[in-house]
Number of protein chains: 2
Amino acid sequence: MTGPEIAVDRSSPVPLYFQVAEQFAAAIQRGELAPGDRLDSELQLADRLGLSRPTVRQAIQHLVDKGLIVRRRGVGTQVVRGEVRRGVELTSLHDDLARAGRQPSTSVLELATVACPVEVATALDVTAGSEVQHLRRLRFADGEPLAVMENWLPLHPVRLTLDALQARGLYAILRAAGIRVRGAQQRIGARAATGAEAQMLGERRGAPLLTMTRTAYDDHGRYVEHGAHIYRASRYSLEVTVAER
Amino acid sequence: MTGPEIAVDRSSPVPLYFQVAEQFAAAIQRGELAPGDRLDSELQLADRLGLSRPTVRQAIQHLVDKGLIVRRRGVGTQVVRGEVRRGVELTSLHDDLARAGRQPSTSVLELATVACPVEVATALDVTAGSEVQHLRRLRFADGEPLAVMENWLPLHPVRLTLDALQARGLYAILRAAGIRVRGAQQRIGARAATGAEAQMLGERRGAPLLTMTRTAYDDHGRYVEHGAHIYRASRYSLEVTVAER
DNA sequence: GTCAATGTGTTGTCCTGACATTCGGCCGGG
DNA sequence: CCCGGCCGAATGTCAGGACAACACATTGAC
């Protein structure tokens, strides 16, 4: 067992452990490393790649966190059986659709500065009534309505414009403004569509909707966005992968 | 800033980094470390606790993964603003309810060995038609119907019994049998209840249901369970926390 | 007074080394 | 033939050190 060909570039600014992790992930995706296959031991890999064991270990840990491989003490490291699917990371719907080969488009229903409602204020950890940007968008995939997304953002960081919102996802705009979203808490549920919602989404009144509220924080630990979204359950579902330890 | 009192027990079999992480998590939960508070630097902590920096770092990384704190290079480490809620880990509904102070109970509708359906076979990575255990349960919280859960398990590992299923969650049974569930892939959606489903759950036909399918793997990378679950959307929702890096 | 350069403190990455723990197969005894 | 103990191999944990990259505040130049 020598495994896939992996080479690191020490002159690259990309961390070595990340280079290794990416190349293993690619090999698994290509099928070069089949489900159930054993990887070389950490010591062998370190030797082969000219890296130290901690660096190799960090790379492997990265893949374990993504649910691609499994480690067993005293035994070794194996690729998880069955096909792996990408779970929800901190991407916007826009990017998700684009990656799935579908054409995203957006109609901005509302974009204004408003006094922050109480529920949103508690989620964003700001004082109720303070000014926040409020945003409501109808999202399409291949011209077909898919979701209604409502977002609130504290004013400080970035000024949203209509043009930007029609061309890109919210998270891409935030990233471009230097805001690094690091994590989020999400609540996923379902409910029946109201008449108005049904009309916007092209469903019947009472049709099941998938709901998600999300509060995202940046690397200051500050909440930068709160969203309440509804999706047509007939056209959309969420994927989540969980890995422990 | 000296932070909360933390002491490690070197004679304990619990890893040092885990002891540290748990005590910080507890301090945050107690409010002793308030949202936005800065932690001591890694070097200060290492010095104060008599540990090496890698160990302290591992503890902090653990908390970052759980979405409790945020790190910024060149600046420091802070507690995430706002209250944090526990996300879906690899626990069963049974445990979740018990922790929330509600009384879980289970009615086993079906428990048999069957030929594996094709969709399940692909998910579990076994050959279609091979024998698997099939399980269907109606779950209650405080005596009120909450969910219908259907599971399939490859035969090998553990033999399920009716008694065990009524007293404990599926994951607890698996754990007791020495199976260590390490990760899972989940798909979350919604749909309308059929007449039969509505009757079981005490909802009206067409009422929105939250659906989740989950495939869980153990530390061999083998899939050990596939489940298709429906929840009353009016009584249940899922929480997910995501953290990057 | 404004703006650029510098300095300090912090996390990010990477290294070497060591021992503990666990698993699973080998081998020998009964 | 079966079973138990031994042992090698792999991951898990921990130490201590070094330098890089980065953010922020301070200082200095213009």
Side-chain angles (χ1 to χ4, degrees), chain A residues 1 3 8-22 24 37-65 69-79 178-180 182 218-222 243-245, chain B residues 1 3 8-22 24 37-65 69-79 178-180 182 218-222 243-245:
Chain A
M1 157 70 79
V8 294
D9 174 10
R10 293 193 98 96
S11 69
S12 162
V14 178
L16 299 179
Y17 80 89
F18 196 79
Q19 293 184 34
V20 174
E22 270 195 325
F24 267 112
D37 274 3
R38 290 253 313 257
L39 271 62
D40 287 342
S41 80
E42 296 176 355
L43 283 172
Q44 286 173 338
L45 279 172
D47 191 45
R48 213 177 85 213
L49 302 176
L51 300 171
S52 71
R53 192 183 155 211
T55 302
V56 170
R57 218 177 137 64
Q58 196 175 1
I60 292 179
Q61 185 60 47
H62 201 74
L63 298 174
V64 171
D65 291 340
I69 61 179
V70 180
R71 285 207 270 221
R72 268 192 310 157
R73 168 186 239 168
V75 179
T77 307
Q78 284 179 295
V79 178
I179 297 177
R180 276 169 296 198
R182 280 297 176 86
D218 68 356
D219 53 5
H220 289 68
R222 282 184 308 220
E244 270 192 352
R245 269 310 112 103
Chain B
M1 156 72 78
V8 293
D9 174 9
R10 294 194 97 96
S11 69
S12 162
V14 178
L16 299 178
Y17 80 89
F18 196 80
Q19 293 184 36
V20 175
E22 271 195 324
F24 267 111
D37 275 3
R38 290 249 316 252
L39 271 62
D40 288 341
S41 79
E42 296 176 355
L43 283 172
Q44 287 174 337
L45 279 172
D47 191 46
R48 211 177 85 211
L49 302 176
L51 300 171
S52 70
R53 190 179 158 213
T55 301
V56 171
R57 220 177 135 64
Q58 195 175 2
I60 293 179
Q61 184 60 47
H62 201 74
L63 298 173
V64 171
D65 291 338
I69 61 179
V70 183
R71 285 206 270 219
R72 269 191 309 156
R73 165 187 257 183
V75 179
T77 308
Q78 284 179 297
V79 178
I179 297 177
R180 276 169 297 194
R182 279 298 176 85
D218 68 356
D219 53 6
H220 289 68
R222 284 183 307 220
E244 271 192 351
R245 272 305 117 105

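Everything numeric in this text was worked out from a predicted model, so none of it was measured. First the proteins, then the strands, lettered A, B, ... as listed; each starts at 1. Keep in mind that the numbers below use all heavy atoms, side chains included, and drop hydrogens, waters and symmetry copies.
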Side chain B:Arg53 and base C:dG12 donor-acceptor under 3.5 Å: yes

Report the nucleotide, chosen from [options], that has the shortest atom-to-atom distance to any side-chain atom of [X].
X: B:Arg73; options: C:dC15, D:dA21, C:dG24; value: D:dA21
X: A:Val75; options: D:dC14, D:dT11, C:dG24; value: C:dG24
X: A:Thr55; options: C:dT11, D:dT13, C:dC14; value: C:dC14

Closest-nucleotide 5' rank along DNA chain D - winner of A:Ile60 and B:Ser52: A:Ile60

In whole angstroms, how far is the [atom2] atom of [N] from the [atom1] atom of [X]?
X: A:Leu43; N: D:dG12; atom1: CG; atom2: C1'; result: 12 Å
X: A:Arg71; N: D:dT13; atom1: CZ; atom2: C1'; result: 12 Å
X: A:Ile69; N: D:dT11; atom1: CD1; atom2: C1'; result: 12 Å

Given [N], is OP1 or OP2 found less than 4.0 Å from the side-chain N or O atoms of [X]?
X: A:Arg10; N: C:dT13; answer: no
X: B:Arg180; N: C:dC23; answer: yes
X: B:Tyr17; N: D:dC14; answer: no

5' priority, DNA chain C, between A:Arg72 and A:Pro54 [closest heavy atom]: A:Pro54

